[in-house]
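The structure appears right after this line, and notes come after that.
Reminder, nothing fancy here: chain letters follow the sequence lines and each chain counts from 1.
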Amino acid sequence: MSHASILLQVKHLNPLKQVHASIVTSGLSQNIFLSNRLANSYAQCGLMDNAEQIFHRISSKNIVSWTILISGYAKNHLFMDAINVFNKMVTYGFLPNEITISSILPAFGNLGLTQIGKSVHCFWVRCGNGANVFVETALVGMYSKLGYAGVARRVFDSMSERNIVAWNVMISCYSDYGFGEEGFGLFNLMRREGVHVDFFTVMSLISASSCVEDLRIGQGVHCLTVRTGFERGQLVRTALMDRYVNGNHIEDANLIFNDMHVKDVVAWTLMLTGFSKGQYWNKAIEHFNEMMRVEGIEVDSVALTGILSSCSDSGALLQGKRVHALVEKRGFACDVFVGSALIDMYTNCANLEDARKYFEGMEEKDVACWNAMIAGNGMNGHGNDAIDLFLRMKGSGINPDESTFVCVLYACSHAGMVDQGLHIFSHMVKSWNVFPNSKHYACVADLLGRAGRLDDAYILVNSMPLLPDFDIYCALLSACKIHGNIELGIKISEKLFQLEPNDAGHYVLLSNMYALAGNWEGVKMTRISLRSKRLKKDPGFSSIEINGELYTFMAGQKDHPQYYEVEGLLQCMIIRIQEAGYVPDTRSVLQELSDDVKMDILYHHSEKLAIAFGLGRTKPGTIIRITKNLRSCNDCHSACKFISKVYEREIVVKDTNRFHVFQEGVCSCRDYW
DNA sequence: CTAGGGTTAG
């Protein structure tokens, strides 16, 4: 066999080197065709150094030699190198042809180099080389990556000939930008033209289906993958699973998972995030442990990050510590992704000490690690420490990003440090060129609102250059609630309600506002329209970890396996704190009911159930840690203070925003939340 | 004779 035909088949380094040696010893190293092919083989294997070496030994390089090098770099995602070679080629006087152009265009797209990309496009048009499906497809891909979906579409429409790749690039452009409908529209057009679906079409459609609300579209795509046979492939199955997990359809994801012959670490991890997202935390932990026992599955950083975030969300400190031990054992302690997840887990479990210990021990910290540590301090009410960390971060040469400022601003807000917060906000733009987004505005609105400067907050929101979103209105609303400005509160919740009439959370907010104003008619109306729309709000729940086992309680839940145990403990607890002076705050029940019913509802808030259970199941003196998915209500907050005093227990409650540490009748938030 | 456009979990 000739060297040339052997080279076409060689895909690995060692045989490649043998052929290379043989070419040299046969005195063929100046043969341009062979050298080009050899360089290309090295490039295909990802060995750009070797490819470059061959390239430099060619004394009479032609346009093909240059193109091979350029496309080699581009294929290996070394886009800057590809561009450097391209520029050098041009200075040497070589004119790029259609193949060179189609090889270099992805580099501009991937690096966000709009200007150069456009000028190369112009160059190509000026050359008058006529239509070329490769170049045009590469142009569509480049404009898509650069964020110009409209331009991409115009190039696509102008093509005289389109093959499957062009269709796929355009469809995945739409799905990348969340334009699911447009993606499917194009897909229908493609089918009408009789173009056959391939693997890439299927993958793009799966990802497009996740940005379309209509569930039938998703089912349709799933059917398509079965009909075309692509569903048998591992990548397609994982993509489908991912879609189901992200849409919170865990059962559907589980069906695919169970049906997989080969369950790889990606599939296991997807299922894990599914359980975690759906807040099936015990299932998540169980699933992770099962995965660890499977022969041939190596946990990677993504899987570890997944289980850690599950522990973090549920407040499962003991489980989290076990995972930390595993992280050390498997050598992921220096991984920054795992690291920031560890910090997040510890701080979310109110264990700032271990978070700090780990954080200080990290040799390399990326911005996410700093952010996690700053956020952790903020959540625990340590505003000054958060600012100190922010300054240290600056000193260590790490540039803050958008979320850094969110973390610092929230820390100031929780600690009531209004001036410091405003100072940082104003420096954000001036010194850091970070343009404030709606999260930043929400933080500042929260900062001002909490401090009682509601008017300033309202002015800020009305004068900012963005449309206020849910977070911003929520910040204003909670300030209205704290400071009893019901009038403004109603005005805001009605606005929010008009903005998104299909969000159950908005109904609840509006209803609560009416209740605070004593407008029970308004409460009734919102509740009725909520029911008529069949919207359901997330139920409130609290969880507590005892001996590594996680117990979750929902407000008023009667079918709980520990119901009788908890009920007994609860009654006892209520009597004891009442003796100490606790008076139920029936204003916290935002419905028009009799006082008896209101008290019954109050006593069965999930927080109290979990605490009563914890008091019964743990030894005297043990700290009780509760994680809940809503913010603490006034009554539970006051009850916790009494419980900490009467039972001589430290109680740590994590709500959606921050930690409350109750000791001897006092809360660390100083009743400011 | 040698080269080309598009993919999966945080």
Ignoring the backbone of [X], work out which of [options] is nearest its side chain.
X	options	result
A:Val266	B:dG4, B:dT8, B:dG5	B:dT8
A:Asn36	B:dA3, B:dT2, B:dG4	B:dT2
A:Val169	B:dA3, B:dG10, B:dG6	B:dG6
A:Phe337	B:dG10, B:dT7, B:dG5	B:dG10
A:Gln44	B:dG5, B:dG4, B:dT2	B:dG4
A:Ser102	B:dG5, B:dT2, B:dT7	B:dG5
A:Asn132	B:dG10, B:dG4, B:dG5	B:dG4

Whole angstrom is fine here: how far is it from [atom1] in [X] over to [atom2] in [N]?
X	N	atom1	atom2	result
A:Lys263	B:dA9	NZ	P	19 Å
A:Ile99	B:dG4	CD1	C1'	6 Å
A:Leu38	B:dC1	CG	P	19 Å
A:Phe257	B:dA9	CZ	C1'	13 Å
A:Arg57	B:dT2	CZ	C1'	19 Å
A:Phe79	B:dG5	CZ	C1'	13 Å
A:Asn110	B:dG5	CG	C1'	13 Å

Is [X] side chain donor-acceptor paired with the [N] base, going by distance under 3.5 Å alone?
X	N	answer
A:Thr137	B:dG5	yes
A:Asp198	B:dG6	yes
A:Thr67	B:dG4	no

Classify the nucleic acid contact of [X] as base, sugar-phosphate or nothing, counting any heavy atom under 4.0 Å across all strands shown.
X	value
A:Glu98	base
A:Ser71	sugar-phosphate
A:Thr269	nothing
A:Val302	base
A:Ile68	sugar-phosphate
A:Val236	nothing
A:Ser65	nothing

**Request:** Would you check if A:Phe134 stacks with the base of B:dG5, given a 5.5 Å centroid limit and a 30° plane limit, both strict?
**Result:**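 So no, this residue does not stack on that base, at least one cut-off failing.
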Please confirm whether the shortest side-chain N or O distance from [X] to OP1 or OP2 of [N] is below 4.0 Å.
X	N	value
A:Gln234	B:dT7	no
A:Asn40	B:dA3	yes
A:Lys75	B:dG5	yes

Report the relative orientation of the aromatic rings in [X] and [Y]; use parallel for angles under 30°, tilted for 30 to 60°, perpendicular for over 60°.
X	Y	value
A:Tyr244	A:His222	tilted
A:Tyr92	A:Trp66	tilted
A:Phe257	A:His287	tilted

**Steps toward salt bridge (charged side-chain N to carboxylate O under 4.0 Å, His left out) verdict (A:Glu402, A:Lys439)** = CA-CA 9 Å; A:Glu402 290 186 352; A:Lys439 284 226 163 66; over 6 Å; no
**Message:** Ignoring hydrogens and geometry beyond distance, is a side-chain donor-acceptor pair present between A:Ser175 and A:Ser204 at under 3.5 Å?
**Reply:** no
**Prompt:** Would you say the side chains of A:Asp313 and A:Asn629 form a donor-acceptor pair under 3.5 Å?
**Reply:**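 A:Asn629 and A:Asp313 do not have a side-chain donor-acceptor pair below 3.5 Å.
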**Request:** Using modelled atom types only, decide if a donor and an acceptor are shared between the side chain of A:Asp242 and the backbone of A:Thr238 within a distance under 3.5 Å.
**Result:** no
